[in-house]
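Chain naming here is simple, since letters A, B, ... match the order of the sequence lines and numbering starts at 1 in each.
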Amino acid sequence: MAILKVQNLYKVYQNAKYISARNISFEVKEGEIFGFLGINGAGKSTTIKCITGIIPFNSGVIEICGHDIKKNPFDAKANFGFVPDNHAVYDKLTGSEYISYIASLYKMEKEDYKERFDYLVKRFNLVNAINNQIMSYSHGMKQRISIISALIYKPKLWILDEPMVGLDPQSILDVKNYMREYAANGDSVIFSSHNLDTVEKLCDRALIIHGGTVIALIDLKEYRQKGIDLEKEFMRLTKEASDKFDKIRADLLKEEEDLAKAIGKRKAGKAMQRKIQKEVLQEIAELE
Amino acid sequence: MKTISTLIKLQFRAGVRLISRDKTLGKTIGKWILISLVALVLMAGFIAIYYMLATQFTVIEAGIDLTVEFLTFSIVGFMAIQTIFLIPMLIKVLDINNDREILLKFPISSKQIFISKIIVVYCFELLFALAILAPILIAYGIAINAAWWFYLIIPLFILFVPVFPFFLAIMAFFPVLKVTLWIKNKSSLTTLSYLLLLIAAVVLYMLMVQSFVKDVAYGGLGAMLHDNADTIIRVATFLYPAKAFARLTYGTVVAGFINFGIIMALTIVLLAIAIFIANIKYKGLYMKEHGMISSFKSKGDYKGNNATRAAIVKDCRNIFRSSNYTFQFLLVVTIIPLLIFFSNRIANYAMYQSLHSTLGGIAMGSLAHGISFEISVFITIVLVPLAASFAASNISREGYNIYHTKLIPVAYRKQLFIKTAIVFIPIFVAILIGSLLSMINHSISYGEDPLSGLAGSEVVMLLFIAAFLTIGYISLGTYFDIRKPLCSQIGAGELTKPTGHANFIILLGVAIGIGFGSLGMLSAFAQEIEFGLSTDAFRWILLAFSFVFGAVFTITLFVDGPRRYNQIEQ
C-alpha cells in the first residue's frame, strides 16, 4: 500500500517567473526509505512543502495514508512528522516544553507520551539538555529536538528536508540507524539530500528532479545489485536536464529583456509571471 | 581616518534606507508625505502648548522674571527626552552581536568601529535636535519678543546641547546593556518584575503630573509660579549646563561669552571622558561573545491532549519570554488602566479652574461633568490601538516557525481565534480595570474636588465601545498580516519594532480616537446649549459605529482569513 501518493503535482509561486514543480508523480510504499535528489533550486523543498501542506499547490493530488491533503488536511497531517531544513523551532521554549506542546496538538495519551518521550530523548542523546531553553542549543541539538518533535506522536510517514546538514558524524549515524529501524517497523521515510552516498546506501528508491520536473525514478536496490554508481548516473542525468533547462531559462530571460525594452522592467516582469501561470493552467487543462 | 569614513558610510547605508526594496517610488513618497503630515500636526500642537506656557512663565507680576529659568527647564526637558531616546539607539547601533562576526574578520580596531558608530549616532542626534529643539527655541523667541540675534545663535544650541545627553547616554549605556542582556530570555517572572518596576515609574510620573495640575487648578498657573518663584530660581541655578545655554540669550555680551566658554569647556571635558571610558568598555564588550548570554531551565510536563490549551500556553510563553516587541505590548497593556484612571482625574482637575465660570451662558461645571465620559472614551480609544496593533504581527512573529502552524492538525480558523484572543483578553482586562477604577473614583467623595469619574452605566458602555473597537483593530491587523506576512524577513530572530501594518492600525486608531473624542466633547457642549445632537444620542451612535467596525473586520478575518492563511508561501 502507498503511504504517500503524489500525482501530477504543479506548483508556481505567486510572483515566480518559472514553474517550481511540473507534473510530479511518485509513490512511497509502506516500509520504504525514499530519497529525493536534485541540485540546489531543483524543486525538492517546494515539493516537500506541498506534500506537507505548508504551501498550496496549483494542481495535483497528494494523499498521505489515503487522506487527501487538500480535502482532508487534519487526517493527512496527523499521519506524518516533518523535519524542516532550517531547524526552526520555538526557541523561547525549553526542549521538554516544546515536545509536550507538539504532543498535545496531536492529542497523545499521557502514558504513551511518557514512554515515547523518555525513549526518544535518550535515543537522540538530549537527556542532559532537554529542560534547557532551546535557544541555548547548538545547531545539531536543534536538529535533534526537531526530529524528536516529528516522531513523538508515532506518525506513519517521516518526512525530512536535508536532515544531515549540520549534524556531527555520531548524530548522522544515529539518524540513519533510526531511519532503518523506522522503516523496518513498516513505517516509511522520505528525505531530500545532496549527499549521494547517504542516499545510495540508505534508500530503497530515489527520485531525481531538475527544474521542477522528474528526470528519473531510480530503484537503488537494483543499482546496488548491478553495481551502478549513483554519483555518475546522477551527474549524467542532471547534465542532460541542465542543457535543456538552461536553454528554456535563457529563452525566457531573453523574452523578458525584449519585453522590458518595450513596456518597462516592472510590467515585463508581471507579464512573464502571467505567461507562466497561463502556461501551467493550459498544461493542467490538457492533463485533465 | 579613511577606515572610519568607510565604516560611517557603511552604517548609513545599512541603517538608513529611504526606499524599501519592495516598494515603488510613488508608495515611498506617499509614506513619507503621510509621516511628515502626522509629525507636523503633532509638532504644531506641541509648539502651540509650549508657546502658551512660555507666555505664562515670562509675563508674571512685577518683580518676578522667570524667562531664563523657563528656557533652562525647557533645555533640561529636551536633554532628558534625548537621553531616554539615545540609550536604546546606542544599544541598537553599538550592538556587538549585530556585526561583530562580520567586522572581526577585517583589519579594523574596536576603537575605529566605536568612533564610526558614535559619529553616526551623533548625526542622528543633531537631526533630532534640529527637528525638536529648533521649533521650541523659535516659539520661545516669539513668546519673549527676543532680539534678532537670538535667532542667529539657535544653531549653537543645535550643535552643543546634544553633547550632554550624548555624554549621559554613553555613561548609562553600559549598565543598561548589562541589565538588558540579563533580562533577555529569562523566565516570565523576571520579565514581570521588570514590568512592575516600569509601572511604578509610570504611576510616580502620573502622580507628579496630577499634583502639578491640581496646584495650577486651585490657584492658577500665575499664582502657582508666583508662590514658587524662589524655588524655581534656586533649582534652575544648579541646572548647569542648561542654565549656561539659557543665559547665552539673556544679559550682557560679556556674560554671554563667559557662558559660552563654560559650555565649550564642559563639552570638551565631557566628550573626552565619555569617549575614553566608552572606548575601554566597548573594547571589552566587543571582544566577548554574547550569543548565549542567558537561558534557563524548565521541565515541560505533559498536561494532556488539549490542543487549544497547548497553543495558548505556547503563545503566552513566547510573549512573556521576549524582551523586545512583545514586551512593549505588555507594557502598553499594563499602563492602559493607569492612564485611563489618572487622565480622568487630571482632566477633572484641569477643568476645576473654570468650574464656576460660564462660557456663553453655559455652566462650565456642568459641562465638565458631562464630558467626563467622552474624555475616558477618547483616552481609551487612542490607547487601545497602540496595544491592539501588536496583532498586526500575529503571523509575521512566527518567523521561520510559520511552517509549524501549517503542519499541525489544528484548523487555521481556530489558530487565528487563539492568536486574536491572546491579544484581545489582556487589553479588555486592562480597559475593565481602568473603567472600574474610574467608577470607584466616581463613588468616593473628595470634598471640594470636582472629580466626577464614571457612572456604572457609563462603564458598561465604555467597555462595549472599547471591546468592539479592539476586536476590529485586532482583526484588521491580523488580516493585513496574513495578506502580507514578514515571516521570511524575521526568520529565526525576533520582531523588534512595529511593522508597517501595526503603524497603520495605530494611525487609524488615533484618527478614530481624535474624531470621536472631539465630536463627543462637542456633543456635550451642544447639549448644554440645547442645540442639535444630545450626548446620549452621540454615545449610542458611537456604540453602533464600534459594533459595525468590530463586526465587519471580525467577519472578514474569520471568513476570508483561513483561505488567505493557506496561501502564505513563506
Original post:
Does any heavy atom of chain B fall under 4.5 Å from the side chain of A:F117, the backbone, both, or neither of them?
Top reply: neither
Original post:
Among A:S149, A:S104, A:P84, which residue forms the greatest number of heavy-atom pairs with chain B at distances under 4.5 Å?
Top reply: A:S104
Original post:
If only atom types and distance count, is the side chain of B:R317 paired as donor or acceptor with the main-chain N or O of A:L93 below 3.5 Å?
Top reply: no
Original post:
Does any heavy atom of chain B fall under 4.5 Å from the side chain of A:Y101, the backbone, both, or neither of them?
Top reply: both
Subject >> Gap between atom CG of B:L557 and atom CG of B:N394 - 0.5 Å precision >> reply: 9.0 Å
Original post:
Looking at A:Y90, A:Y13, A:Y106, which has the largest count of heavy-atom pairs under 4.5 Å with chain B?
Top reply: A:Y90
Subject >> Part of B:I408 within contact of chain A (heavy atom distance under 4.5 Å) >> reply: both
**OP:** Check whether the side chains of B:Y479 and B:D560 place a donor and an acceptor atom closer than 3.5 Å, and report yes or no.
**Re:** yes
Original post:
Does a side chain donor of either B:T405 or B:Y565 reach within less than 3.5 Å of an acceptor in the other side chain?
Top reply: yes
Original post:
So, A:N131 and A:T94: side-chain donor and acceptor under 3.5 Å apart, yes or no?
Top reply: no
**OP:** Could you pull out all residues at least two apart from A:E63 that satisfy salt bridge (Lys or Arg N to Asp or Glu O under 4.0 Å)?
**Re:** none
**OP:** Would you mind checking which part of A:I99 comes under 4.5 Å of any heavy atom in chain B, side chain (CB onward), backbone (N, CA, C, O), both or neither?
**Re:** neither
**OP:** Answer with side chain, backbone, both or neither: which region of B:N306 has an atom nearer than 4.5 Å to a non-hydrogen atom of chain A?
**Re:** backbone
Original post:
By a 4.5 Å heavy-atom criterion (distance strictly below it), what part of A:K142 contacts chain B: side chain, backbone, both, or neither?
Top reply: neither
